[in-house]
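Since the structure comes first, as structure tokens, the remarks are kept for the end.
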Amino acid sequence: MVVLPFPIEVLAMSAAPKNPVPLWQWSAVELSGAIRDARVSASDAVSSVVERIRAENGHLNAIVFDQTEAAKEQAASYDEILKTDGPIGPLHGVPVAIKINVDQKGTANSNGVVAFKDLIAPEDAPVVRNLKKAGAIIVGRTNTPEFSFRATTVNELHGRTYNPWDDNHSPGGSSGGASSAVAAGFCPIAHGNDIGGSLRFPAYQTGAVTVRPTLGRVPAYNPSGKEERSLLAQLMSVQGIIAREVRDVRLATKVMAGYDARDPMQVPLPFEGPAVEQPIKVALCRETNGYSMHPAIDAALEKTAEQLEKAGYRVEEAAPPMIREAAAEALPALYADCEIFIGEVIKKYGSAEIQKAFDFYFENYPPTDAEGLLRAMSRRTRYLREWNVFLEDYPLILTPFMMRPGFTWNEDLDSSAGTKDIFDSSVYSWLINFLGLPASIAPAGYHDGLPISVQIIGRRFREDLTLDAAEALERVNGVQIHELWKRKGLR
């Protein structure tokens, strides 16, 4: 039995949904509570999602390594453990999925690259270990683009992942397999990661929710790696969760944040921070960095600001300092880092498509030289200091995630201009990675029948505050994936 850093009763207790729905539609919190109280078995929960996977994954291609048979066997054993020893942890019997770019013992960490299809993980990565310790049952591994470096999800090894809302609407990248799986009902929570928006792009595109944790909150390490990642990649990349409901993001992020000594950057702080002066001030940021914001996004910002006011927050128009200066350096620094550390690997093992994608990245955001990279890293400290001071006055910042509605499945590769538009419109995605701050995605309505979201940025290690605000927005705007299921006659 694992010793938990938080009481299981607080996280796992929940009544069943008011209206009877299939178990594959239940939240992780609902499932964990029902399994713990023996109102539902782990076998029932896993069997329900397995049926859903087998019915829909053939088209969506969200899960590219099927582990459903092993999951059913594990669920049966967990039902026996519950009878004799009680729950393993707060996710006892809950189905989850793991992205194919982290290590899961005995499976390939291919990162969507044909040449890496036989790179078998010798041990579990910390996030996988923590999910297993909490009692989660892995039903499969989800798709990612090559090298996990596109805004959409497709590769030569496993093919293209589709969005359950619309085939032509990208599921996002790089955790597009995770978002598609969650939206389709293959699991209530799916692991993903984020170096420039790879948790938040997929959530935005599929009506899911997520939080990009603070650098150091969730441990990261791949035992199969032959060498360490570059410094900027370490500073910008984080592990996280995509889910349908904010409460599930909170639960699973807490689980994954369990301490692991293999990550020297992890900071084992409590998830809930000290009380903040009420009412909490929220900065409504309309700075566009020169991009022409779409009217639907501007309206969504205005609406969510009003909703937060009604929920007890105090919203004021204000912008953090040095947005343009930091944005001007973030992507050129990241791509310089990529060029130095993985440029030759991409040329050697990457497909023509991923090489074309990097050509577009480098054309639009030319990599700085080595000295420029070092100086950008130095100035990064100043930018973060200025934002930290701003966040002392405004603990939360409400921004667009993208300043336009979503994008089509191959828009980032159709043209260099398409790549530029996606990334210019999402400055509040990759800029937050550059600074290492936490940011949640919350529902904000629909445009042309497809979901749109807003982003809530918080102080370092205050994911809890961003999730509180996201939950307030979810209460009034609804769970967007439930709307998807209603339209399909499934709920």
Side-chain angles (χ1 to χ4, degrees), residues 101 147-149 174 193-200 212-222 225-240 262-267 269 287 289-290 319-346 357-358 360-392 397 399 419-420 423-424 426-439 455 457-462:
N101 69 353
F147 298 97
S148 298
F149 245 104
S174 63
N193 31 49
D194 190 317
I195 194 172
S198 290
L199 287 165
R200 290 160 294 149
R212 180 219 179 270
T214 311
L215 171 68
R217 169 65 76 186
V218 178
Y221 169 65
N222 273 328
K226 295 181 179 179
E227 59 183 39
E228 301 298 334
R229 302 182 76 186
S230 61
L231 179 58
L232 194 54
Q234 292 181 43
L235 293 177
M236 290 181 66
S237 178
V238 294
Q239 305 295 317
R262 295 174 294 176
D263 182 358
M265 289 192 177
Q266 188 181 14
V267 182
L269 285 173
E287 165 64 49
N289 196 40
M322 306 189 78
I323 291 174
R324 295 197 176 209
E325 293 89 339
E329 297 209 83
L331 287 182
L334 175 61
Y335 292 136
D337 189 270
C338 291
E339 189 174 46
I340 293 168
F341 280 86
I342 63 173
E344 289 303 315
V345 177
I346 291 172
F358 269 88
F360 288 166
Y361 300 155
F362 291 174
E363 176 185 328
N364 288 302
Y365 312 99
T368 184
D369 59 17
E371 180 181 346
L373 175 58
L374 288 173
R375 294 192 181 279
M377 293 297 296
S378 174
R379 288 187 290 268
R380 172 186 176 274
T381 300
R382 181 185 176 194
Y383 305 141
L384 181 53
R385 180 184 299 116
E386 295 290 335
W387 277 62
N388 281 347
V389 171
F390 181 84
L391 285 160
E392 283 295 296
I397 308 170
T399 75
T419 294
K420 181 173 173 55
F423 284 91
D424 282 0
S426 57
V427 63
Y428 292 106
S429 174
W430 39 268
L431 179 57
I432 296 312
N433 291 76
F434 188 57
L435 298 175
L437 294 169
Q455 180 171 249
I457 302 164
R459 295 173 176 171
R460 296 174 70 237
F461 297 105
R462 294 312 305 263

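Computed from heavy atoms alone, side chains included, the values below leave out hydrogens, waters and symmetry copies.
Residues passing the ring-ring contact (aromatic ring centres under 6.0 Å, His included) test with Y221, sequence neighbours excluded: none.
In this structure a side-chain-to-backbone donor-acceptor pair under 3.5 Å is missing from W430 to L331. Counting only distance, with no hydrogens or angles, the side chain of Q455 and the backbone of T399 share no donor-acceptor pair below 3.5 Å. Under the 3.5 Å distance criterion, the side-chain polar atoms of N433 are matched with a main-chain donor or acceptor of I195. No donor-acceptor pair under 3.5 Å is formed between the side chain of R212 and the backbone N or O of R200. A donor-acceptor pair is defined here as one N or O able to donate and one able to accept, closer than 3.5 Å; such a pair exists between the side chain of N222 and the backbone of N101. With hydrogens and angles disregarded, a donor-acceptor distance shorter than 3.5 Å links the side chain of S429 to the backbone of G196. Using a distance-only test at 3.5 Å, with no hydrogens or angles considered, a donor-acceptor pair links the side chain of R217 to the main chain of F461.
The two residues P438 and R460 make their nearest non-hydrogen contact at CD-CA, 4.0 Å. The two residues S198 and S148 come nearest to each other via the heavy atoms OG-O, 4.4 Å. Closest of all the heavy-atom pairs between I432 and A439 is CG2-CB, 4.1 Å. A327 and L431 get closest at one heavy-atom pair: N-CD1, 3.9 Å. Annotation for A336 and T368: closest pair CB-O, 3.2 Å, computed over non-hydrogen atoms. The minimum heavy-atom distance linking A220 with D263 is given by the pair N-OD2, 2.9 Å.
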Going by atom type alone, with no hydrogens or angles, which donor-acceptor pairs under 3.5 Å involve a side-chain atom of residues 382-392 and a protein atom two or more places apart or on another chain?
{"from": "Y383", "atom 1": "OH", "to": "E329", "atom 2": "OE2", "distance (Å)": "2.4"}
{"from": "W387", "atom 1": "NE1", "to": "P321", "atom 2": "O", "distance (Å)": "3.0"}

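Counting non-hydrogen atoms of neighbouring residues, nucleotides and ligands closer than 6.0 angstrom, the CZ atom of R380 exceeds 12 such neighbours. Residue-environment remark: CZ (R375) stays at or below the threshold of 12 foreign heavy atoms within 6.0 Å.
Using a 4.5 Å heavy-atom cutoff, the side chains of E287 and R324 are in contact. At least one side-chain heavy atom of L373 sits under 4.5 Å from a side-chain heavy atom of I340. Side-chain contact check for N289 versus D424: every heavy-atom pair is 4.5 Å or farther apart.
Annotation: the span from C338 atom SG to F147 atom CZ amounts to 11.0 Å, rounded to 0.5 Å. How far CG of L232 is from CE of M377: 5.0 Å, rounded to the nearest 0.5 Å. If you take CE on M236 and OG on S230, they are separated by 10.0 Å, rounding to the nearest 0.5 Å. Between atom OH of residue Y365 and atom OG1 of residue T419 there is a gap of 8.0 Å, rounded to the nearest 0.5 Å. Taken from CZ in R459 to CG in L437, the straight-line distance is 12.0 Å, to the nearest 0.5 Å. If you take OG1 on T214 and CZ on R462, they are separated by 10.0 Å, rounding to the nearest 0.5 Å.
Classified by interplanar angle (parallel below 30°, tilted 30° to 60°, perpendicular above 60°), the ring pair F358/Y335 is perpendicular.
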